[in-house]
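Working notes, structure below.
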Protein chains: 2
Amino acid sequence: MKSKEEFIEKLRNSSLRPTKQRINICEVLFNRDKTFHFTISDLFNLIKDKTGEKVSLATVYNTVHAFHKKGYLKEIPINSNQTYFDTNVTDHHHFFDVKEEKLIDLKNEDVGPIEIQKSIPGKKIKSVEVLVKLED
Amino acid sequence: MKSKEEFIEKLRNSSLRPTKQRINICEVLFNRDKTFHFTISDLFNLIKDKTGEKVSLATVYNTVHAFHKKGYLKEIPINSNQTYFDTNVTDHHHFFDVKEEKLIDLKNEDVGPIEIQKSIPGKKIKSVEVLVKLED
DNA sequence: TTCGTTGTTTATAATTATTCTAAAGAAGAT
DNA sequence: ATCTTCTTTAGAATAATTATAAACAACGAA
Ligand SMILES: [Mn+2]
Ligand SMILES: [Mn+2]
Ligand SMILES: [Zn+2]
Ligand SMILES: [Zn+2]
């Protein structure tokens, strides 16, 4: 359970003004034990439910992008009509339950080291992500 | 270089009527040496260029989905505003050049075997795909 | 070959996620 | 308090995709 002051501090340190909207979004995103996988619409609805205050959809988009740019959120590459984000910004992989449309974390040690044996001249590797699709 | 008759045969065997639109799309998609990574809009433009005949955008969508459902095309999981498809339907992985927005095949042996050490009760693994993002 | 059936194409409208715009409001600095 | 800069917001715009429904083409049976 993080305090509101911690979020204000974090926002200030990132040169993001600590507005009440951003603080509410922080509470919903970062006040949890487990990693959180979400879409913008998930988050939009949760904010109302958990804080009682409404934040405009535009602000949710703005804030998620700001946090993503600052490295506080990770974008998960799957094909869906909506973009998925993750509060776990460490290198890790995912299960995607196609039926439930739910992401599940895979620890790096659950996958093992991945050695890419090919390289493209002039390019360097930015990320290596494994997506394991699950069916019933 | 496959003949038009081969495509007609393939379509018939898939209970898809061999219309001239579908045959044209087959020529563009499958008459090539290397694997082909594309978006709907790539394909739509190529059809005009390569066959001289225009196919409606709706038909391009319909046909790509039909081919995908039949297993002749693979959908590549990346976050982009457009969906990417692949004529190489075997299990394999990808580089994604973020700047150029281009996919590049990674052979299975360029990645090595991936052992998933975790399982979810009641679910089985449908696919395991590695996406390697490239930057300059 | 003709006819009836069913599948396909197409233009166009609808849907939906996301981004843009510009005005009002809030935060920070002086 | 005042000024500046950043942020929020409603609503409009954009763009990929999907739905609709009428015209059309392929097929199989007569
Ligand atoms: Mn995760
Ligand atoms: Mn490929
Ligand atoms: Zn982002
Ligand atoms: Zn598809």
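Here is how names work: the chains are called A, B, and so on, in the same order as the sequence lines, proteins then strands, and each is numbered from 1. Computation of the quantities below employed the complete heavy-atom set of this structure, encompassing side-chain atoms and omitting hydrogens, waters and symmetry-equivalent molecules.
By the 30° and 60° cut-offs, the orientation of the rings of His65(B) relative to His68(B) is tilted. Ring geometry for Phe67(B) versus Phe30(B): interplanar angle of 30 to 60°, hence tilted.
Between the P atom of dA19(D) and the NE2 atom of His65(B) lies a distance of 10 Å, rounded to the nearest Å. Straight-line distance from the CG atom of Leu11(A) to the C1' atom of dT8(D): 15 Å, rounded to whole Å. If you take CG of Asn62(A) and C1' of dA17(C), they are 15 Å apart, rounded to a whole angstrom. Rounded to whole Å, the distance from NZ on Lys20(A) to C1' on dT9(D) is 11 Å. Taking atom CG of residue Leu16(A) and atom C1' of nucleotide dA26(C), one finds them 15 Å apart after rounding to whole Å. For Phe44(A) and dA17(C), the CZ to P distance is 12 Å, given to the nearest whole Å. Across the protein-nucleic acid pair, Asp42(B) atom CG and dA16(D) atom P stand 11 Å apart, rounded to whole Å. Atom OH in Tyr61(A) sits about 17 Å away from atom P in dT14(D), given to the nearest Å.
Considering only the side chain of Thr19(B), dT8(C) comes nearest among dT8(C), dA27(C), dT17(D). Candidate nucleotides dG7(C), dT7(D), dT18(C) were compared by shortest atom distance to the side chain of Arg17(B), and dG7(C) ranks first. Comparing dT8(C), dT7(D), dT17(D) against the side chain of Ile40(B) picks out dT17(D) as the nearest. Of the candidate nucleotides dA17(C), dA10(D), dA19(D), dA10(D) has the atom nearest to the side chain of Ser56(A). For Gln21(B), the listed nucleotide lying nearest its side chain is dT9(C); candidates were dA26(D), dT9(C), dG28(C). Side-chain proximity of Gln82(A) to the nucleotides dA17(C), dA16(D), dT9(C) is greatest for dA17(C).
Atom NZ of Lys107(A) is surrounded by 12 or fewer heavy atoms from other residues, nucleotides or ligands within 6.0 Å.
Along DNA chain D, the nucleotide nearest to Lys54(A) and the one nearest to Arg22(A) differ in position, and the one closer to the 5' end is contacted by Arg22(A). Both Asn81(B) and Arg12(B) lie close to DNA chain D; mapped to their nearest nucleotides by heavy-atom distance, the more 5′-ward contact belongs to Asn81(B).
Across all strands, Thr59(A) comes closer than 4.0 Å to base atoms (heavy-atom distances). Across all strands shown, Thr83(B) has heavy atoms under 4.0 Å from sugar-phosphate atoms exclusively, and none from any base.
No hydrogens or angles considered: nothing links the side chains of Asn108(A) and His92(A) as a donor-acceptor pair under 3.5 Å. No side-chain donor from either of Thr59(A) and Asn62(A) sits under 3.5 Å from a side-chain acceptor of the other.
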